[in-house]
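Because only heavy atoms are used, hydrogens play no part in the values below, and waters and symmetry mates are left out as well, while side chains stay in.
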Amino acid sequence: MRRRERPRGGSGGTEDTTQEHEADAGGTAPHGCTSRPARVRAWAELLRLPALFSVPGDALAGTAAVGAPPNARTLLAIGSSLCLYEAGMALNDWADREVDAVERPHRPLPSGRIRPAAALTAACALTGAGLALAARAGRPALAVAAPLAATVWAYDLTLKHTPAGPVAMGAARGLDLLLGAAATTGRTRPALPSAALLGTHTVAVTTVSRQEARGGSPVPPLAALATTALLTRVVTHRPSDHRGATAHGLLGPRATPPPGAALGRKPTAHLTTALAAAYVAATVRPYFHATLNPSPPLTQRAVGAGIRATIPLQATLTARSKGTATALLIAALAPLGARFAKKVSVT
């Protein structure tokens with residue numbers, strides 16, 4: 001059976017079924033949503049489940065940044081990240097339910113498919129679960145997860161519609177990367193550069209998303225395009241090569257590097273470059289189209305591409321930190337996320 005396209009943003013499109021329009025003024029769920037598949041679909045839309053594929057790479061990139069292999073505490077950090085991410089999704093729609101009733105009436109809350117109280121309860125439960133998993137990973141992990149949870153709630157309830165909104169979202173993504181480093185080794189300082197780069201990407205995507213419902217200026221997608229170019233330049237630049245050349249000069253012209261050192265660097269550099277190219281390929285075209293025509297559909301497409309591009313960026317950061325196997329694992333999540341995004345929107 002052919003999948004129905006659901007309406008986007010403030011467009012006047014309607015579903016083939018009238019389920020979403022049968023909710024009464026009190027927010028009672030439509031009769032059609034009493035079936036289990038309908039409820040599952042509604043919660044998948046509320047939680048934007050395909051976006052979850054962009055989450056595990058945060059902790060894995062943080063782990064690689066501190067030079068450690070993933071371990072059991074890394075898995076706890078990933079579980080914590082997933083819970084806090086979904087808590088933010090549920091809380092986002094709860095906080096925006098009145099705005100969505102005008103701009104996105106098809107969303108699960110304004111359409112009556114999920115009650116606001118259920119979304120808020122889910123946000124609270126997921127936040128508690130995320131903090132509990134971080135606590136199991138150790139005090140350093142909890143010390144990062146607590147401000148991460150606070151940032152998520154502050155963004156959804158207060159900061160989202162202020163100039164500080166994109167910065168808060170970028171900080172949340174950076175803290176999520178640091179959570180993996182803290183849980184795995186108890187150290188976060190070596191992971192700060194990777195966290196800053198990932199946070200910068202998130203700031204750019206969030207800035208574009210602020211006009212996805214109504215459209216607007218071409219400046220945000222153009223700035224996101226420039227940010228992609230800058231981040232690509234930074235992550236593919238290898239200062240270690242320069243330091244190695246300096247050390248070689250200090251030791252004298254007869255000094256030779258350790259056997260296999262150059263050979264060991266080349267595969268890592270090639271993989272980093274290839275993953276960075278995938279990052280660029282995922283974003284350039286949607287950002288460029290949204291720059292030429294910042295309409296709601298093209299802006300939403302650019303936002304979705306930016307969210308999915310988080311995965312190859314995480315993989316690039318991991319490969320740069322010599323986490324080759326982990327980088328390939330992260331990269332493998334990208335096609336899975338893209339496949340599920342065709343069924344449920346990530347925006």
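For the pair R107 and D96, the salt-bridge criterion is not met [side-chain N within less than 4.0 Å of a carboxylate O].
R187 contributes a side-chain N or O that, together with a main-chain N or O of V66, makes up a donor-acceptor pair within less than 3.5 Å.
A salt bridge (charged side-chain N to carboxylate O under 4.0 Å, His left out) with E45 holds for exactly one of R39, R113, K343, R104; it is R113. Checking L313, L317, I311 one by one against I330, the side chain to side chain contact (heavy atoms under 4.5 Å, CB included) holds for a single residue, I311.
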key: T326 and T318: CA distance, side-chain angles, deciding distance, side-chain hydrogen bond (donor to acceptor under 3.5 Å, both in side chains) verdict   = CA-CA 7 Å; T326 305; T318 303; over 6 Å; no

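Using a 4.5 Å cut-off on side-chain heavy atoms (C-beta onward), Y155 and T206 make contact. Using a 4.5 Å heavy-atom threshold, the side chains of Q211 and P220 count as touching. Side-chain contact between H201 and T227: absent, with no pair of heavy atoms (C-beta onward) separated by less than 4.5 Å. At a threshold of 4.5 Å between non-hydrogen side-chain atoms, the residues T299 and R214 do not count as touching. The shortest distance between side-chain heavy atoms of V344 and R48 does not fall below 4.5 Å.
Annotation: cation-pi pair R97/W94 present, NZ/CZ under 6.0 Å from the ring centroid and within 45° of its normal.
L197 and L230 end up in the same hydrophobic cluster when Ile, Leu, Val, Met, Phe, Trp and Tyr side chains are linked at under 4.5 Å.
Classified by interplanar angle (parallel below 30°, tilted 30° to 60°, perpendicular above 60°), the ring pair F53/F340 is parallel.
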